[in-house]
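Take a look at the structure below.
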Amino acid sequence: MSGYNFAYLDEQTKRMIRRALLKAVAIPGYQVPFASREMPMPYGWGTGGVQVTAACLVPEDTLKVIDQGADDTTNAVSIRAFFARVADIATTEHTRDASVIQTRHRIPEAPLREDQILVFQVPIPEPLRFLEPRETETRKMHALEEYGLMHVRLYEDIARHGEIAKSYAYPVRVEGRYVMDPSPIPKFDNPKLDDCPALQLFGAGREQRIYALPPYTRVESLDFEDYPFKASRPDHPCALCGARDSYLDEVVIDDAGGRMFVCSDTDYCNDRRAAGHRGEMAAPFEEMPE
Amino acid sequence: MYVAVKGGERAIAAAHGWLDEERRGDPAIPELGTDQIRTQMTLAVDRVMAEGSLYDPDLAALALKQARGDAIEAIFLIRAYRTTLPRFGASIPIATGAMACERRISAIFKDAPGGQVLGPTFDYTHRLLDFALMAGGEAPSSAPQSEPRDAAKPHVTEILAREDLIQAESEHDEVDTPPDLTRAPLSLPASRALRLQALARGDEGFLLSLAYSTQRGYGRNHPFVGELRVGTVAVEMEIPELGFAVEIGEIVVSECESVNQFTGSKTQPAQFTRGYGLVFGRGERKAISMALVDRALRWKELGEENTGAPAQDEEFVLAHADNIQASGFLEHIKLPHYVDFQAELELIRKLRSEALAHLGADA
């Protein structure tokens, strides 16, 4: 697109972001402040992820963008169209074909590879924020590895509810050091963060923070010996592809309490159906998207 | 049937088309020109320039037209444009003492060198709807011409400063390297220069409410409007090849210096203190608000007590003053959150079934 640099940001800005990314990779789980730019989409729409993606993209890249696991949600469509326009790069809906994947709220079901980068959009990067609203305090707590408050909070949940009442944005500990917010992914996705072959980058635009998980980083969800972490999913198979190992969206289908459960990862679901898997509500001779 | 949202791409294109149509409104009515907005909706234009941090009345008028008159949307358009512009350098500080004032009032002295200039203010209008404006066509009554007062108008606070009755501002603070909030992440504690920069870009409504809260006792600082001036100043820039500063343009700004009561502390003898507000364009409400908030934030430097008031809390004020950040994050909750909500549904169902099983067992 004329009038704008490749991938929208000017090269000086990309260099600034890449420096922050390098630092983030060097200190896994540590939140690196960066001079986040005002982007042509609102804060909260993924400006952090968009800036990280823009700083990573090269013309040979193939980009996939998902929101809630799906390629066809409005904001995923909008961000994909943005990069197709300002970077003129190839885009895909297939996890296996993508070199860079920007995501909001999910990690794809298909295993990622070493030659892939997963970019997370992050609203509140600070896992301690809801315990302590002050940045000046939380930075100190991280520096001193003072995570007692977090454990007390988790313990209180168990005392009150019999389990840790945190279903998404479930805090993790990175390489036994920094406690990190994995962005609002369901805790079902937490185990995928651990020992992942792909580079995982996290961008929070409004809060001006970048952090990272280099490939094969040890990532543990916080728990207690007697209350071990459990990834949970709805106890149903996908109604379209029959998968029992994927995260599901619950779709209300009538006004009488009717529900169906389908894979939130649309690419995974399509792939399975293309391979002949059928759920109980799949059309018998369904035309498959390419 | 699987009926979840599909075809986002088509929906977005259609929504944009509809939006254009709504912006244009009834095609039987002539389209609004940006020149009309620039010259007749001047205070809206000024607000967009101030909070958009870009002095360009033409672009601000365009942004207002494109945003259908929504100030925050227009400010957002300007910010997103501004961020793509190269930085050539910094101007030398503008000399507001040499301002060509269209308005200049002091609330602490009946008269001051240079005189009081009321200017085109709403202050003493009666807020009665002027139905003649609705009928249109009425030429405005021409203002009685007065002698142009080009007498020098030194800052009123200088009068107090001569007697050492008001706190002296340090002159050398960071003057050489002004911080740039848009090029470096905000780090706390912030310098006063950075605080003022954040306030100058901050949301007028937010600053107004914070300033109001200080008047009502939450971090009270007894302000007087020492001086309020609105007018045109020259912007000069040092050109390295030339070795001296040349004027590169003129801008209209509003400046407020508040004079605040201060009884002295362990470290300071009794003296008046200052708050400072400066905004692009004609925005005196915001300039006054900014001065009060600036003053409230200076408690530490003056050895005052922190009463825990919101306006005294630097982190609270700076983190929440920007309306583009605030509106973006607030409105993002419109975006799909199916996945998180699904996780919450599972959890609530589980907790409830466990609790109900307990109740059943007790009965």
Side-chain angles (χ1 to χ4, degrees), chain A residues 4 8 10 16 33-45 47 67-70 72-78 81 104-106 123 133-136 161-163 165-169 184-188 205-206 208-209 232-234 239-240 247-251 253 260 262 264 281, chain B residues 1-12 15 76-84 86 180-189 313-316 319 322 324-351 354-355 358:
Chain A
Y4 286 101
Y8 182 77
D10 60 278
M16 174 274 294
F34 81 112
S36 176
R37 296 292 189 259
E38 274 150 328
M39 299 300 285
M41 60 277 287
Y43 290 114
W45 264 243
T47 55
D67 186 345
Q68 315 294 302
D72 59 0
T73 37
T74 40
N75 200 37
V77 168
S78 162
R104 174 167 174 263
H105 294 191
R106 274 310 310 275
R134 278 169 202 286
E135 179 68 14
T136 38
H161 305 293
E163 64 178 285
K166 195 126 178 70
S167 56
Y168 62 92
I185 55 174
K187 67 177 180 178
F188 172 83
R206 191 180 39 79
Q208 309 187 313
R209 294 291 183 274
S232 64
R233 72 185 278 281
L240 296 180
Y247 192 73
L248 302 176
D249 278 344
E250 181 173 337
V251 182
I253 51 175
M260 69 186 285
V262 293
S264 101
M281 292 173 85
Chain B
M1 256 313 288
Y2 181 40
V3 290
V5 185
K6 287 271 174 192
E9 210 147 0
R10 280 208 321 277
I12 289 174
F76 184 15
L77 285 167
I78 290 298
R79 290 269 192 97
Y81 175 74
R82 177 196 197 272
T83 192
T84 66
D180 187 345
L181 197 56
T182 66
R183 284 294 181 267
L186 175 68
S187 67
L188 297 165
D313 186 333
E314 171 181 273
E315 189 165 344
F316 179 83
D322 190 289
I324 301 306
Q325 290 177 354
S327 65
F329 196 55
L330 180 107
E331 295 192 37
H332 105 280
I333 61 176
K334 302 184 280 200
L335 295 180
H337 283 77
Y338 327 128
V339 164
D340 300 349
F341 189 71
Q342 186 61 42
E344 292 286 80
L345 266 179
E346 292 302 315
L347 182 67
I348 294 282
R349 281 184 183 136
K350 189 153 167 252
L351 293 177
E354 278 161 15
H358 260 289

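FYI, side chains are in, hydrogens and waters are out, and symmetry mates aren't considered; it's all heavy atoms of this structure. Throughout, protein chains are lettered first and strands after them, A, B, ... in sequence-line order, and every chain is numbered starting at 1.
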Heavy-atom check, side chain of A/R37 versus side chain of B/R79, under 4.5 Å: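 A side-chain contact under 4.5 Å is absent here.
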
Any side-chain heavy-atom pair of A/D249 and B/V339 under 4.5 Å: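 Side-chain contact under 4.5 Å: yes.
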
Please state whether the side chain, the backbone, both or neither of [X] comes within less than 4.5 Å of a heavy atom of chain A.
{"X": "B/E346", "answer": "side chain"}
{"X": "B/D180", "answer": "neither"}
{"X": "B/F76", "answer": "side chain"}

Using non-hydrogen atoms and a 4.5 Å limit, figure out which bit of [X] sits close to chain B: side chain, backbone, both or neither.
{"X": "A/T47", "value": "neither"}
{"X": "A/M41", "value": "backbone"}
{"X": "A/K187", "value": "neither"}
{"X": "A/Y8", "value": "side chain"}
{"X": "A/R206", "value": "both"}
{"X": "A/N75", "value": "side chain"}

Return the minimal non-hydrogen interatomic distance between [X] and [Y], and the atom names on each side.
{"X": "A/P184", "Y": "B/D340", "result": "O-OD1, 2.7 Å"}
{"X": "B/G328", "Y": "A/P42", "result": "CA-CB, 4.2 Å"}
{"X": "B/I12", "Y": "A/T74", "result": "CD1-O, 3.3 Å"}

Nearest-0.5 Å distance, CD of residue A/Q208 to CG of residue B/L181: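 Reported value, rounded in 0.5 Å steps: 7.0 Å.
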
Nearest-0.5 Å distance, CG of residue B/L188 to CZ of residue A/R134: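 It comes to 10.0 Å.
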
Among the listed options A/P40, A/P33, A/P234, the residue most often paired with chain B at heavy-atom distances under 4.5 Å: A/P234

Main-chain N/O of [Y] paired with [X] side-chain donor or acceptor, under 3.5 Å:
{"X": "A/Q68", "Y": "B/P336", "result": "yes"}
{"X": "A/Y247", "Y": "B/A343", "result": "yes"}
{"X": "B/Q342", "Y": "A/E250", "result": "yes"}
{"X": "B/R82", "Y": "A/E38", "result": "no"}
{"X": "B/Y338", "Y": "A/S264", "result": "no"}

Between B/H332, B/E354, B/K334, B/E331, the one whose heavy-atom pairs under 4.5 Å with chain A are most numerous: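 Most pairs with chain A among the choices: B/H332.
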
Max heavy-atom pair count under 4.5 Å with chain A, selected residue of B/L335, B/L186, B/I348, B/L351: B/L335

More than 12 heavy atoms from other groups under 6.0 Å of CZ on B/F329: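 Counting other residues, nucleotides and ligands, CZ of B/F329 exceeds 12 neighbours.
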
